[in-house]
**Student:** 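First the structure, which I've put down as structure tokens, then a few questions once you've had a look.
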Amino acid sequence: MVENGFKSSFMREAAARGFIFQCTDADALDALMAEKSVAAYIGFDPTADSLHVGSLIQIMMLRLLQKHGHRPIALVGGGTARIGDPSFREEARRLMTEDIIQTNLAGIEGCLRQFLTFGSGASEAALVNNADWLDKLAYIDLLRDVGVHFSINRMLAFDSVKNRLEREQGLTFLEFNYSILQSYDFRELNRRMNVVLQLGGSDQWGNIISGVELVRRTDQKSVMGLTTPLLTTSSGAKMGKTANGAVWLSEKRLPVFDYWQFWRNTEDADVGRFLRLFTELPLEECARLEALQGAEINEAKKVLATEATALCHGRNAALAAAEAARQTFEEGRVAAADLPVHEVAEADMAAGIPVFRLFAEAGLVKTNGEARRLVRGGGARLNNDVIQDENKLITQQDMVDGAIKLSAGKKHHVLVKVGVSA
RNA sequence: GGAGGGAUGCCCGAGUGGCUAAAGGGGGCGGACUGUAAAUCCGCUGGCGUACGCCUACGUUGGUUCGAAUCCAACUCCCUCCA
């Protein structure tokens with residue numbers, strides 16, 4: 001373990017692994033955690049029915065809390081989702097309907113269960129929905145109780161608000177209230193579950209300290225905030241983008257193979273950082289892998305991919321993905337087992353399916369046009385052979401060992417099989 | 001309430017009547033080179049069973065015109081100054 005002066009095991013490990021960006025009072029938090037188990041929360045917005053790697057650092061924080069005997073609370077913003085966080089956004093978020101929010105809540109809970117053990121024990125995770133209290137708020141009461149403690153002058157000075165005002169985008173009163181409600185959440189969780197720490201990305205700093213102050217002013221209690229660094233790759237790109245969108249944690253949205261591939265394709269310069277943040281390998285092992293030079297660092301990337309995937313999808317699925325990758329990339333085998341599978345109806349296959357359409361249906365590209373361009377650009381392969389004709393009909397004749405392998409570029413592969421469910 | 005400025009494709013940003021599916025950049029995707037990396041270079045980047053063509057697109061709705069992102073009117077939203 002790297003020496004960093006902290007006494008509590010949680011803070012020592014969190015700091016050593018690179019989770020800490022800012023903290024309202026690191027020493028006080030350290031002392032408290034060294035003394036007893038504390039409850040801490042992170043909020044997630046139900047903007048989709050799955051979380052993605054953009055939230056993974058937060059989830060890993062919750063896991064770390066649990067590991068060290070503290071209680072992780074995941075707050076899902078069923079109430080605040082109906083407002084939208086203005087922080088660092090270009091424009092007002094589309095307001096979501098209640099139905100969508102409910103569906104998303106269930107999906108997010110599923111994601112979290114992949115990483116955390118839920119229950120009512122002192123170090124067992126809990127999931128709460130702020131709609132439970134926000135929906136009941138009465139406006140005048142809220143203004144008198146909470147509104148008096150918020151200074152417009154200060155709110156205007158927050159980067160999140162300031163940016164919006166300085167750009168020509170504007171900010172509605174609705175959005176302006178987001179940080180007030182987030183502060184209210186913090187106080188409510190403190191009162192209900194004795195939560196004393198709010199975690200979040202560095203973009204949440206303003207919202208977090210607003211909550212800390214609210215609790216101090218109304219309840220005379222000292223609670224704390226801790227933020228994680230904003231994650232970008234070493235070359236500056238935002239993390240979590242892939243060919244067809246975000247890197248989802250739900251298998252329904254992103255096959256395990258692709259999730260493994262995402263980590264396998266990490267830039268050299270990020271390997272050490274990601275090993276510390278997204279795997280639970282000992283720090284010595286992370287350092288050893290990080291130090292590998294040249295092509296040897298590919299071994300580190302494979303470890304990173306398998307470990308990170310194991311946390312999300314289970315070790316068996318991760319090993320299967322690793323093996324599928326090995327067969328595909330290292331042996332060049334056509335139909336490696338455990339590649340993502342796309343099923344088509346037998347009748348369709350018998351009639352023949354144009355390749356460009358099959359690429360779109362299999363999810364390798366988003367539209368037929370994109371598939372055509374892929375073929376024209378020489379990036380489309382059928383069983384490892386470059387496809388020349390974008391209109392080529394695919395039939396049973398193209399099957400090898402009961403499957404057809406379609407590839408978009410060198411890294412994206414799907415097996416097409418005939419199936420009943422299609 | 002008064003005066004002025006603005007709204008363009010995923011993002012930024014040119015474009016003031018036809019040659020504009022709309023310059024340029026970013027991002028994304030593909031190719032080359034590599035190590036399934038980075039950097040670099042090249043290509044592609046609205047939809048549709050393709051080329052031809054059709055459809056959709058420059059805040060919204062109408063209008064002028066053979067023809068409109070470009071002109072006119074009303075509306076919506078945003079910015080700045082005055083009250």
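Throughout, protein chains are lettered first and strands after them, A, B, ... in sequence-line order, and every chain is numbered starting at 1. The analysis underlying the following values was restricted to heavy atoms, covering all of them including side chains, and did not include hydrogens, waters or symmetry mates.
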**Student:** Looking at A:R315 and A:E307, is there a salt bridge between them, counting it only when a charged N and a carboxylate O are closer than 4.0 Å?
**Tutor:**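 Yes, this pair counts.
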
**Student:** If the threshold is 4.0 Å, N to carboxylate O, is there a salt bridge linking A:K417 and A:E343?
**Tutor:**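 Here A:K417 does not pair with A:E343 in a salt bridge, since their nearest N and O are not under 4.0 Å apart.
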
**Student:** Determine the Euclidean distance between corresponding P atoms of B:rA68 and B:rU61; express it in Å to zero decimal places.
**Tutor:**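 After rounding to an integer number of Å, I get 15 Å for this pair.
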
**Student:** Roughly how far apart, to the nearest Å, are B:rA23 and B:rG18 at atom P?
**Tutor:**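 Straight-line distance between the two P atoms is 16 Å.
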
**Student:** Among side-chain atoms of A:T328 and A:R333, is any donor-acceptor pair under 3.5 angstrom?
**Tutor:**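 Short answer, no.
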
**Student:** Is a salt bridge present between A:K302 and A:E330, judged by a nitrogen-to-oxygen distance below 4.0 Å?
**Tutor:**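 Judged by the 4.0 Å cut-off on N to carboxylate O distance, A:K302 and A:E330 do form a salt bridge.
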
**Student:** Using 4.0 Å as the upper bound for N to carboxylate O, is an ion pair formed by A:D49 and A:R253?
**Tutor:**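 A salt bridge is present here (some side-chain N lies under 4.0 Å from a carboxylate O).
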
**Student:** Are the charged groups of A:E290 and A:R276 less than 4.0 angstrom apart, N to O?
**Tutor:**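 The answer is yes: the pair qualifies as a salt bridge.
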
**Student:** Taking atom C1' of B:rC29 as reference, at what distance in whole Å does atom CZ of A:F356 sit?
**Tutor:**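 Rounded to the whole Å, the gap is 19 Å.
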
**Student:** Between A:D135 (side chain only) and A:D132 (backbone N and O only), is there a donor and an acceptor less than 3.5 Å apart?
**Tutor:**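 No; zero donor-acceptor contacts below 3.5 Å.
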
**Student:** Check whether any side-chain nitrogen or oxygen of A:K411 sits under 4.0 Å from OP1 or OP2 of B:rA37, and answer yes or no.
**Tutor:**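 Indeed, a polar side-chain atom of A:K411 lies that close.
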
**Student:** Looking only at atom C1', what distance separates B:rU16 and B:rG25, rounded to whole Å?
**Tutor:**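 Nearest-Å result for B:rU16 against B:rG25 at atom C1': 23 Å.
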
**Student:** Could you please name the partner base of B:rG30, counting Watson-Crick and G-U wobble pairs only when both distances are under 3.5 Å?
**Tutor:**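 Answer to the pairing question: B:rC42, which forms a Watson-Crick or G-U pair with B:rG30.
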
**Student:** Working to the nearest 0.5 angstrom, can you tell me the gap between A:L214 CG and A:R187 CZ?
**Tutor:**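 If I round to the nearest 0.5 Å, the distance is 5.0 Å.
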
**Student:** Grab the CG-P distance between A:N391 and B:rC52 for me, whole Å please.
**Tutor:**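 Whole-Å distance recorded here is 14 Å.
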
**Student:** For B:rG30, does either OP1 or OP2 sit under 4.0 Å from a side-chain N or O belonging to A:H412?
**Tutor:**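 Yes, such a contact exists.
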
**Student:** Could you tell me how far apart A:N368 (CG) and B:rG49 (P) are, to the nearest whole angstrom?
**Tutor:**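 To the nearest whole Å, that distance equals 5 Å.
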
**Student:** Using the P atom on both, measure B:rG5 against B:rA73 and round to a whole Å.
**Tutor:**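 Between the two P atoms, the distance is 13 Å.
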
**Student:** Give the rounded distance in Å between these two atoms: CG of A:D258 and C1' of B:rU36.
**Tutor:**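 That distance rounds to 13 Å.
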
**Student:** Atom CD of A:E331 to atom C1' of B:rU36: distance rounded to whole Å?
**Tutor:**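 Roughly 15 Å, once rounded to whole Å.
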
**Student:** Given atom CZ of A:R326 and atom P of B:rU36, what is their separation to the nearest angstrom?
**Tutor:**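 About 15 Å, once rounded to whole Å.
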
**Student:** Between A:R373 and B:rU45, does any side-chain N or O lie under 4.0 Å from OP1 or OP2?
**Tutor:**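 Checking B:rU45 against A:R373, no side-chain N or O comes under 4.0 Å of OP1 or OP2.
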
**Student:** Pairs under 3.5 angstrom, nitrogen or oxygen only, protein versus nucleotides 31-34 of chain B, please.
**Tutor:**
from, atom 1, to, atom 2, distance (Å)
B:rA32, OP2, A:K410, NZ, 2.5

**Student:** Rounded to whole Å, how long is the line connecting atom CZ of A:R376 with atom C1' of B:rC42?
**Tutor:**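 The answer, rounded to whole Å, is 18 Å.
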
**Student:** Quick one: ring-ring contact (aromatic ring centres under 6.0 Å, His included) partners of A:F329, sequence neighbours excluded?
**Tutor:**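 A:H413.
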
**Student:** Any chance you could measure A:F19, atom CZ, to A:Q58, atom CD, to the nearest 0.5 Å?
**Tutor:**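 Spacing of CZ (A:F19) from CD (A:Q58) equals 9.5 Å.
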
**Student:** Tell me which nucleotide among B:rG49, B:rU36, B:rG35 gets nearest to the side chain of A:N298.
**Tutor:**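 Looking only at side-chain atoms, A:N298 lies closest to B:rG35.
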
**Student:** Need the pair for B:rC66. Rule: Watson-Crick or G-U wobble, both distances under 3.5 Å, any strand; none if unpaired.
**Tutor:**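 B:rC66 is paired with B:rG18.
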
**Student:** Please give, in whole Å, the distance from B:rG35 P to A:D268 CG?
**Tutor:**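 For the pair A:D268 CG and B:rG35 P, the rounded distance is 12 Å.
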
**Student:** Would you list the protein and nucleotides 20-26 of chain B atom pairs, both N or O, that sit under 3.5 Å from each other?
**Tutor:**
none

**Student:** Contact class for A:T328 (heavy atom, under 4.0 Å): base, sugar-phosphate, or nothing?
**Tutor:**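 Touches nothing.
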
**Student:** Check every strand shown and say whether A:E296 touches a base, only sugar-phosphate, or nothing at a heavy-atom separation below 4.0 Å.
**Tutor:**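 It contacts nothing in the nucleic acid.
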
**Student:** Mind checking the C1' distance from B:rC29 to B:rG62? Whole angstroms is fine.
**Tutor:**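 Those two atoms are separated by 41 Å.
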
**Student:** Could you grab the distance from atom CD of A:E124 to atom OG1 of A:T117, nearest 0.5 Å is fine?
**Tutor:**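 With rounding to 0.5 Å, CD (A:E124) is 7.0 Å from OG1 (A:T117).
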
**Student:** Sticking with atom P, work out how far B:rC11 lies from B:rG17, rounded to a whole angstrom.
**Tutor:**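 These two P atoms come out 27 Å apart once rounded.
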
